[in-house]
Amino acid sequence: MSGSSPIQAETLTDTPTSLDSPPFAAMFKASEIVNAAAAIAEAECIEQLKKTDAVPLLMNWLLGQESIVCSDPTTVAAKLRKMVVGGAGKTVVISDFDYTLSRFANGSGERLSTTHGVFDDNVMRLKPELGQKFVDLKNKYYPIEFCPKLTMEEKIPHMEKWWGTSHSLIVNEKFSKHTIQDFVRQSRIVFKDGAEDFIQSLDAHNIPLVIFSAGIGNIIEYFLEQKLGAIPRNTHFISNMILFDEDEKACAFSEPLIHTFCKNSSVIQKEAPFFHEINGRVNVILLGDSMGDIHMDVGVERDGPTLKVGYYNGSLDDTAALQHYKEVYDIVLIHDPTLNVAQKIVDVINSIH
Ligand code: TMP
Ligand code: MG
């Protein structure tokens with residue numbers, strides 16, 4: 001696929017036509033040559049793919065795991081084949097953060113923290129009265145977020161109230177950037193097993209990672225800086241950002257507000273600097289844990305497949321909820337504390353290029 005680089009196209013179009021110009025440059029448009037090169041490269045990849053059994057092996061592995069549900073293996077295999085032919089250069093990963101890249105529960109089954117939850121824990125320690133307000137909000141609204149009896153339309157006003165109240169508490173308290181970084185250091189946010197390697201391997205293969213979170217983007221940034229040393233070049237955020245005043249005290253939140261059920265094109269600002277980087281990335285690996293995560297890819301204009309991988313953290317007795325996940329996600333991972341499946345998918349995509 002390297003023959004299809006835009007640099008080649010530019011060089012050909014920008015070369016002034018002279019009597020010495022090679023005849024092929026006069027006869028063909030640069031774009032035609034590039035398209036032809038891309039078609040040849042794609043045909044080569046398809047040949048390569050036929051020779052390897054990378055996709056069937058991954059499918060066999062997925063289908064052999066008790067805690068992985070793949071309702072339509074034919075479709076999943078077809079999406080994987082397209083993604084492998086496209087390679088890393090055509091791939092983008094769009095991932096939720098809370099309980100997707102981060103763990104839902106520890107080894108003893110205790111619930112771990114979301115990015116907003118960082119305030120519940122730390123503020124409870126320092127100012128129990130205010131801490132209790134964050135906890136009360138969570139106890140009231142979390143069951144509504146996951147209530148199977150309410151429609152999304154019915155849930156949205158509650159989510160707006162939850163996020164709005166929580167953000168007001170943060171801004172009114174004027175937490176400093178330094179304090180929040182300290183909260184993150186002492187938080188119960190834990191990476192899923194393999195998450196660090198997954199993020200680094202995406203960076204190493206120049207696959208953009210867009211973290212699309214209804215949590216708090218600054219907290220994710222501080223967490224990644226603390227765990228990885230720095231934010232990898234390939235990693236970008238669509239999230240709620242705390243804005244700080246000149247004294248580095250929280251003074252507002254970014255607009256538009258992103259809650260669980262508006263993670264779609266309505267909140268994506270396409271002028272974001274990273275958008276040029278994902279332009280042309282037609283194949284999407286989508287990672288999420290809630291029903292609100294399944295449309296995170298709609299802001300990306302393209303005609304390639306989205307492979308939707310969903311973490312199911314709910315009860316196994318809730319068969320209706322589990323069934324719903326099986327219908328909307330291509331691959332459902334039940335109580336999976338790892339990034340193994342996503343890593344295997346990326347490894348297969350990288351395998352023949
Ligand atoms: P996300 O996983 O889609 O990014 O959603 C963020 C999660 O954060 C969502 O499940 C609700 C949760 N949350 C809290 O735990 N505390 C809060 O104060 C708010 C506003 C959200
Ligand atoms: Mg989540």
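Since we're looking at a predicted model, the values are computed, not measured. Just follow the structure's listing: the first ligand is 1, and inside any ligand the first atom is 1.
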Given Ile170, Asp98, Ile211, identify the one with the heavy atom nearest to atom 6 (C) of ligand 1.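 When every heavy atom of Ile170, Asp98, Ile211 is considered, Asp98 comes closest to atom 6 (C) of ligand 1.
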Of the choices Glu145, Lys138, Met159, which has the non-hydrogen atom that lies closest to atom 9 (C) of ligand 1? Glu145
Please state whether [X] comes within less than 4.0 angstrom of ligand 1, counting heavy atoms only.
X: Gly215; answer: yes
X: Trp162; answer: yes
X: Leu137; answer: no

Can you confirm, on distance only, whether ligand 1 has an N/O atom lying under 3.5 Å from any N/O atom belonging to [X]?
X: Ala214; result: yes
X: Trp163; result: no
X: Ser166; result: yes
X: Thr260; result: no

With a 4.0 Å cut-off, would you call [X] and [Y] a salt bridge?
X: Asp247; Y: Lys174; answer: no
X: Lys344; Y: Asp347; answer: no
X: Glu154; Y: Lys149; answer: no

Do the ring centers of [X] and [Y] come within less than 6.0 Å of each other?
X: His116; Y: His167; result: yes
X: Tyr312; Y: Tyr329; result: no
X: Tyr222; Y: Phe183; result: no

Nearest protein heavy atom to atom 2 (O) of ligand 1, by residue and atom, and its distance? Asp96 OD1, 3.0 Å
Residue, atom name and distance, where the atom is the protein heavy atom closest to atom 16 (N) of ligand 1: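 Among all protein heavy atoms, the one nearest atom 16 (N) of ligand 1 is His116 CB, 3.1 Å.
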Flag for Glu327-Gln323: side-chain donor and acceptor within less than 3.5 Å: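 Side chains of Gln323 and Glu327: pair found under 3.5 Å.
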Flag yes if more than 12 heavy atoms outside His236 fall under 6.0 Å of its NE2 atom; otherwise flag no.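 More than 12 heavy atoms, drawn from other residues, nucleotides or ligands, come within 6.0 Å of this atom.
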Should we count CD of Glu129 as having more than 12 external heavy atoms under 6.0 Å? no
Quick one: look at Lys263 and ligand 1, take heavy-atom pairs under 4.0 Å, and tell me if it's side chain, backbone, both or neither.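 Side chain only.
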Around the Mg ion (ligand 2), how many protein N, O or S atoms are closer than 2.8 Å?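 The number of such protein atoms is 3.
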Among Thr74, Asp72, Asp330, find the residue that satisfies the side chain to side chain donor-acceptor pair (under 3.5 Å) test when tested with Lys79.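 It is Asp330, the one option of Thr74, Asp72, Asp330 that forms the side chain to side chain donor-acceptor pair (under 3.5 Å) with Lys79.
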Distance under 6.0 Å and angle within 45° of the ring axis: does Lys192 meet both against Tyr311?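 Satisfied, under 6.0 Å and within 45°.
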Numbered in order shown, the ligand 1 atoms found under 4.0 Å of a heavy atom of Thr114 are 14 (C), 15 (O)
Separation of Ile170 CD1 from Ile242 CD1 (nearest 0.5 Å):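 Going from the CD1 atom of Ile242 to the CD1 atom of Ile170 covers 5.5 Å.
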